[in-house]
Amino acid sequence: MTVVSTGSVESPAAPAADPRDPAVRIALLLDPDSAVPLDGADGSGVTAVHGLVGGAPVVAYCTDARTMGGALGAAGAMRVVEAVEAAVRQGCPVIGLWHSGGARLADGVESMDGVGRMFAAMTWASGVVPQISVILGPAAGAAAYGPALTDLVVMAPAGRVFVTGPDIVRSVTGEVIDMDGLGGPDAHARRSGVTHVVAADEQDAIRRARLLTGFFTCRDAFDLAALREPRDLRALLPESPRRAYDVRPLVRGLLDADGGFEELQPRWAANILVGLGRLGGRSVGVLANNPRHKGGCLDALSAEKAARFVRMCDAHGVPLVVLVDVPGYLPGVGQEWDGVVRRGAKLLHAFAESVVPRVTLITRKAYGGAYIAMNSRSLGATATFAWPGAEVAVMGAESAVGVLHRKALAAAPEEEREGLRARLAEEHRRVAGGVERAVAIGVVDEVIAPENTRLRIAEALARAPRTRGRHSNIPL
Amino acid sequence: MAEVRAEMVANVWKVLVSEGDTVEDGDTLVILESMKMEIPVIAEDDGVVAQLKVAEGDVIQEGDLIAVIE
């Protein structure tokens with residue numbers, strides 16, 4: 001591993017070449033020469049500093065993996081508490097760099113008490129200041145739950161997160177698995193959803209943490225002049241309205257090309273995309289149904305993923321852009337028993353309570369309960385737009401006609417049936433599902449030209465009061 | 001070897017590859033129909049279709065094996 005200059009962080013622990021030295025890791029995170037220790041070294045095993053990221057003040061702390069594998073004792077946990085409290089006093093983000101085997105066994109119950117206080121401090125800071133965690137090595141037990149209480153978790157390839165390690169798992173359940181399989185980046189990116197960003201290496205993980213921090217510290221206004229150039233976003237969708245597609249090119253096309261879009265939890269509950277990027281220079285949170293997965297249907301997990309993201313953005317004052325193309329909630333016994341009602345309710349709650357500017361664009365279709373959940377007018381959207389030809393309905397026209405005109409269709413001669421079905425569907429689309437109807441009753445404010453989408457969304461966000469929610473960001 | 005499995009219950013609408021075909025990451029293997037949507041199932045690796053477990057008209061459940069790419 002290459003070691004980048006350590007000169008910027010004053011550390012009594014020598015100008016170390018050890019890449020696990022907290023001074024080295026913190027130097028990678030902060031702007032050059034910006035680190036100022038919170039106070040002197042104390043052998044607590046945790047280093048905490050004030051510093052800058054992209055010119056904005058932050059607080060950072062890092063466990064010292066060189067002593068006892070970075071295990072957290074009572075003093076180390078209290079050092080994290082001090083760091084979090086300092087960030088709250090200053091109103092700035094706090095970034096934790098984790099490489100820790102968990103609580104210090106030698107400290108006994110004292111370390112458990114310290115770790116519990118650390119959890120409480122993180123919880124009290126939740127929704128008040130952004131908290132970002134970077135997992136650079138093992139983060140077990142206490143070191144797993146610390147990051148899990150924060151807003152965002154970035155994992156380096158060497159990151160391993162679990163409550164109980166492979167040995168205990170094997171002795172209790174008989175399951176044989178290594179640390180990587182149990183709690184490596186792939187496990188948490190694809191199966192558990194614990195991690196938001198998986199990095200290519202340690203440097204990349206820290207770089208991504210800087211990028212994420214910048215989305216929260218961005219105080220720029222929307223630069224509307226930069227958005228006047230037309231961009232044909234509809235060309236990024238397939239011609240057939242029934243055809244599924246990957247929504248990522250559309251999201252990238254919507255956002256600034258040089259704004260550094262970061263998708264969160266891209267491989268978990270992938271039927272909804274959530275991520276942070278910039279529009280006209282201002283940071284925004286984006287949610288988009290992704291038809292590439294499960295046809296873009298909402299389901300239990302994707303609703304929960306989206307709900308947490310909405311609440312995070314609301315708590316930290318990041319405006320939301322919601323791109324809707326949703327055939328409905330996914331039906332099924334598994335879904336109902338997985339709690340699609342309980343978890344879907346979280347998304348309704350998250351949108352309805354949020355006070356940040358939030359604009360919805362219906363690109364193709366918005367059906368049923370999923371229409372309501374995707375930041376509809378009824379949940380308090382700042383503005384709702386649609387592209388020409390979009391459908392807003394309880395269900396698709398073909399399905400609705402099958403229910404409403406079952407007898408007429410059955411009575412029609414076989415050879416005329418499909419023609420009748422198409423005519424009825426067209427008629428139904430016009431009176432019940434067409435975007436004109438949605439505009440007439442006020443649930444869609446306006447049909448906008450796809451090429452002006454960037455400007456129109458930014459204008460609507462910029463007009464709204466710059467507010468933020470007053471609530472924590474419980475890790476839903 | 002990569003297993004391609006169904007993400008949701010669906011009808012198999014079109015099968016676009018056969019066993020023995022060479023495919024690349026991003027190629028469409030089959031197109032499913034579910035929730036009135038045509039949902040392409042896409043190879044996520046380069047390789048050869050070693051097994052193809054579905055035929056047009058089949059109903060498949062979430063988690064069912066669609067193909068194996070080697």
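The structure presented is a predicted model; accordingly, all values stated were derived computationally and were not measured. Letters A, B, ... mirror the listed sequences (proteins, then strands); counts begin at 1. Hydrogens, waters and symmetry mates are skipped; everything else that's a heavy atom, side chains included, is used.
When all heavy atoms of C297(A) and M8(B) are compared, the closest pair comes out as SG-CE, 4.4 Å. Here the closest non-hydrogen pair linking P40(B) and R292(A) is O-NH1, 4.2 Å. Taking each heavy atom of M35(B) and P327(A) in turn, the nearest pair found is CE-O, 3.8 Å. Closest approach of A244(A) to I39(B), counting heavy atoms only: CB-CA, 3.8 Å.
Counting only heavy atoms from C-beta outward, the side chains of P238(A) and E38(B) never approach each other to under 4.5 Å.
Using a cutoff of 4.0 Å between basic side-chain nitrogens and carboxylate oxygens, E7(B) and K294(A) are not scored as salt-bridged. Between K36(B) and E391(A) there is no salt bridge, since none of the side-chain N atoms of the basic residue sits less than 4.0 Å from a carboxylate O of the acidic one.
For L32(B), no part lies near chain A; criterion is any non-hydrogen pair under 4.5 Å.
When each of R243(A), K365(A), R242(A) is paired with M37(B), the side chain to side chain contact (heavy atoms under 4.5 Å, CB included) condition holds for K365(A) and for no other.
No more than 12 heavy atoms of other residues, nucleotides or ligands lie within 6.0 Å of CD in E44(B), so this atom counts as exposed by the packing criterion.
Considering CD of E62(B) and CG of D299(A), their distance stands at 8.5 Å, rounded to 0.5 Å.
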